[in-house]
Amino acid sequence: QVQPVESGGGLVQAGGSLRLSCAASGRTFSRYAMGWFRQAPGKEREFVAAITWTIGSTYYADSVKGRFTISRDSAKSTVYLQMNSLKPEDTAVYYCAAGGGISYRRESDYDYWGQGTQVTVSS
């Protein structure tokens, strides 16, 4: 069992940067992949990025490639999402999720979800 907890959301100007953190706990934590999803009001939850704990392979949505970087700190059991060159369309609630993973891009690949953290990018 893994319980992700997100933090680091806030208000930032367009073009600015923000770093989200996801702390996870659980005895089987090392077997999981970790993913970031976002959901804006009136829109479907969408995949942002993912990373595997074993190898550290990363996966990104096309919309954030070159701007966002996902990383992990195994010693701290924490996953980070560094967001640079933020745009107003990045405004959403960001969720951290843990799961076994297959494609890493589907909600169904994940079993445990955090509470979400709000990211607002102003024009």
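Keep in mind that what you see is a predicted model, and the values were worked out from it rather than measured.
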Hey, does the side chain of [X] reach the backbone of [Y] with a donor-acceptor pair shorter than 3.5 angstrom?
X      : Y      : result
Arg105 : Val48  : no
Arg45  : Gln39  : no
Arg72  : Thr52  : yes
Thr91  : Val121 : yes
Tyr60  : Ile70  : yes
Thr78  : Lys76  : yes
Glu6   : Cys96  : yes

Report whether [X] and [Y] are members of the same hydrophobic cluster (ILVMFWY, side-chain heavy atoms less than 4.5 Å apart, transitive linking).
X      : Y     : value
Leu18  : Val64 : yes
Tyr110 : Met34 : no
Val93  : Phe47 : yes

So [Y] and [X], do their side chains get closer than 4.5 Å, heavy atoms only?
X      : Y     : answer
Ser17  : Gln82 : yes
Leu81  : Thr69 : no
Ser122 : Val12 : no
Phe68  : Trp36 : no
Glu107 : Phe37 : yes

Show your working on side chain to side chain contact (heavy atoms under 4.5 Å, CB included) between Gln118 and Tyr94 and close with a plain yes or no. CA-CA 6 Å; Gln118 178 70 47; Tyr94 283 70; over 6 Å; no

Between [X] and [Y], what is the shortest heavy-atom contact and its length?
X      : Y      : value
Ser85  : Arg67  : O-NH1, 3.0 Å
Cys22  : Pro4   : SG-CB, 3.6 Å
Ser103 : Arg106 : OG-CG, 3.4 Å
Pro88  : Ser123 : CG-OG, 3.9 Å

Using the six-membered ring wherever Trp is involved, compare the ring planes of Trp113 and Tyr95 and label them parallel, tilted or perpendicular (cut-offs 30° and 60°). perpendicular

Pair Tyr80-Arg19, side chain to side chain donor-acceptor pair (under 3.5 Å): steps then yes or no: CA-CA 7 Å; Tyr80 304 96; Arg19 188 181 75 164; 5.0 Å; no

Answer yes when Asp90 and Lys87 have at least one side-chain N-carboxylate O distance shorter than 4.0 Å, and no when they do not. no

More than 12 heavy atoms from other groups under 6.0 Å of CD on Glu44: no

Which value, rounded to the nearest 0.5 Å, describes the distance between Ile51 atom CD1 and Ser71 atom OG? 6.5 Å

